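Bear in mind that the values here come from a model prediction, so they are computed numbers and not experimental data. Numbering of ligands and ligand atoms starts at 1, following listing order.
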Amino acid sequence: MPEPGYYGQFGGSFIPEILVATFEELVQAFEQAKADPEFWNTYLKLMGSYSCRPTPLTYAENLTRHFGGARIYIKREDLNHTGAHKANNVMGQGLLVKRMGKGRVIAETGAGQHGVATATMAAKFGFDCTIYMGEIDVQRQRPNVFWMERLGATVIPVTEGTRTLKDAINEAFRDWVSAMDDTHYVLGTACGPHPFPEMVTWFQSIIGLEARRQVLEETGQLPARIYACVGGGSNAMGIFSGFLDDDVELVGVEAGGRGLETGAHAARLASSDASLGVAQGYKTFFLQDDDGQMKETHSVAAGLDYVGVSPILSHLKETGRVRFSAATDTEVVDALSLTIRKEGLIPALESAHGFVQAFKEAPTLSHDDVIIINQSGRGDKDIFTVADAFEDPGWKQFIRDKAKEYDAR
Ligand SMILES: *Cc1c(COP(=O)(O)O)cnc(C)c1O
């Protein structure tokens, strides 16, 4: 019997002694929820009435014609409330918090999307909410901080370390240790100590369940390949989990940043720059130096620049079940432009990583083949980041004029 929470040699639960009882309580609540069909039904009802589920599977007819190969379908996680698949996880954990009878949630956030999703869930369920965010990210991602605060959350800028996501995670754990009884830590992706990778994947598996049913209904066949971007790995695990037992090729696409050869990237599984380690409560591939110090990562997509990756994906790479590649910033912006023009869809910069690899491979497949790209989120709400990526001169001028307007007040 493998130990619970292990995927091959990856995963586990490396937590301080003081949190052991809290994790046991969480594992139990999760196991009970999983065994209770009513829980999943309540979840489905909530997601249907609050977050636009089931999300459509859209046939990208123009892109298909453009590439002249496989028929391209897009799973529309961008249509979730708050604009990304993150809603699937936070609303699910929210229901679990209610079940555990707790009244306060905390979360880490990098770019701020998970923070906004958690603050939204807390507003809906009436939970007290504190979000930990690196001081640098607070400065970079003001629009998301603005919304978190409007939603009633307290946003705490973290001034430790590199003042980014990994420091925010450490701070959230510190909070949890001091307030375990009434607090639940809503971890944002399929990483961290057991049961988080499994639990987050379970809530996100709604993507794959729907996509499998939809593609069969629509085309009468299973897809040849599925593409998903990989930050922590939750949207990828969500869609992949619906097809693990099928003869379907699964492709994870990481942030290639300025190019794998430059070191300025966040490719943990698609490059040989990452190594096995234990950090932040679990064992996986981390981008770290020989002393175990985490490296700086880079990506045009703020949601993909995490140093670790889901232990489940590390395992699926090792067993050869999932193939990994990386997309550079330049390729991502090009794929995003093309998708906007051809389909009128605006994927998030994160999601566009999956589009890059799909576009490379679609022409090599036949029109009899179907491929699915998981559009994890939408880009229009991230106009600051997207406009920066496009280096749009009109937008820059607009910001300058706005700044002048404020200075004059
Ligand atoms: C957060 C985010 C991601 C990365 O997270 P995963 O856990 O890897 O899915 C990808 N796409 C969007 C739109 C996001 O907001």
Show me which atoms of ligand 1 lie under 4.0 Å from any heavy atom of [X].
| X | answer |
| --- | --- |
| Gly303 | 4 (C) |
| Thr189 | 6 (P), 7 (O) |
| Asn235 | 6 (P), 8 (O), 9 (O), 10 (C) |

Please list every donor-acceptor pair under 3.5 Å in which a side-chain atom of residues 22-31 meets a protein atom from a residue at least two apart or in another chain.
unit_1	atom_1	unit_2	atom_2	d
Glu25	OE1	Lys102	NZ	3.4

ring-ring contact (aromatic ring centres under 6.0 Å, His included) partners of residues 288-324, not counting sequence neighbours, each pair once =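 Pairs touching residues 288-324 that pass the test: none.
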Worksheet item: More than 12 non-hydrogen atoms from neighbouring residues, nucleotides or ligands closer than 6.0 Å to CG on Asn41, yes or no?
Response: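 Correct, the count exceeds 12.
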- Message: Taking 4.0 Å as the limit for heavy-atom contacts, which would you say applies to His114 with ligand 1: side chain only, backbone only, both, or neither?
- Response: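 Neither; no heavy atom under 4.0 Å.
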Quiz item: How does Ala348 reach ligand 1, by side chain, by backbone, by both or by neither, if only non-hydrogen atoms under 4.0 Å count?
Solution: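 Within the 4.0 Å criterion, Ala348 contacts ligand 1 through side-chain atoms alone.
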Polar contact flag for Ala190 and ligand 1 (N/O pairs, less than 3.5 Å) |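 Between Ala190 and ligand 1, no N or O pair is found under 3.5 Å apart.
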I'd like to know if Lys295 pairs up with Asp273 as an ion pair, taking the criterion as any Lys NZ or Arg NE/NH1/NH2 lying under 4.0 Å from an Asp or Glu carboxylate oxygen.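 No salt bridge links Lys295 with Asp273.
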Q: Quick one: sort the Trp176 and His184 rings into parallel, tilted or perpendicular, breaks at 30° and 60°.
A: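 Plane angle over 60°, so perpendicular.
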Using the six-membered ring wherever Trp is involved, compare the ring planes of Trp202 and Phe39 and label them parallel, tilted or perpendicular (cut-offs 30° and 60°).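 Aromatic pair Trp202/Phe39 classed parallel.
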- Query: For atom 12 (C) of ligand 1, which candidate among Ser376, Gly188, Ala117 holds the nearest heavy atom?
  - Reply: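 Looking at heavy atoms only, the winner is Ser376.
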How far is atom 15 (O) of ligand 1 from its nearest protein heavy atom, and which residue and atom name does that atom have?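 Protein heavy atom with the smallest distance to atom 15 (O) of ligand 1: Lys86 NZ, 2.6 Å.
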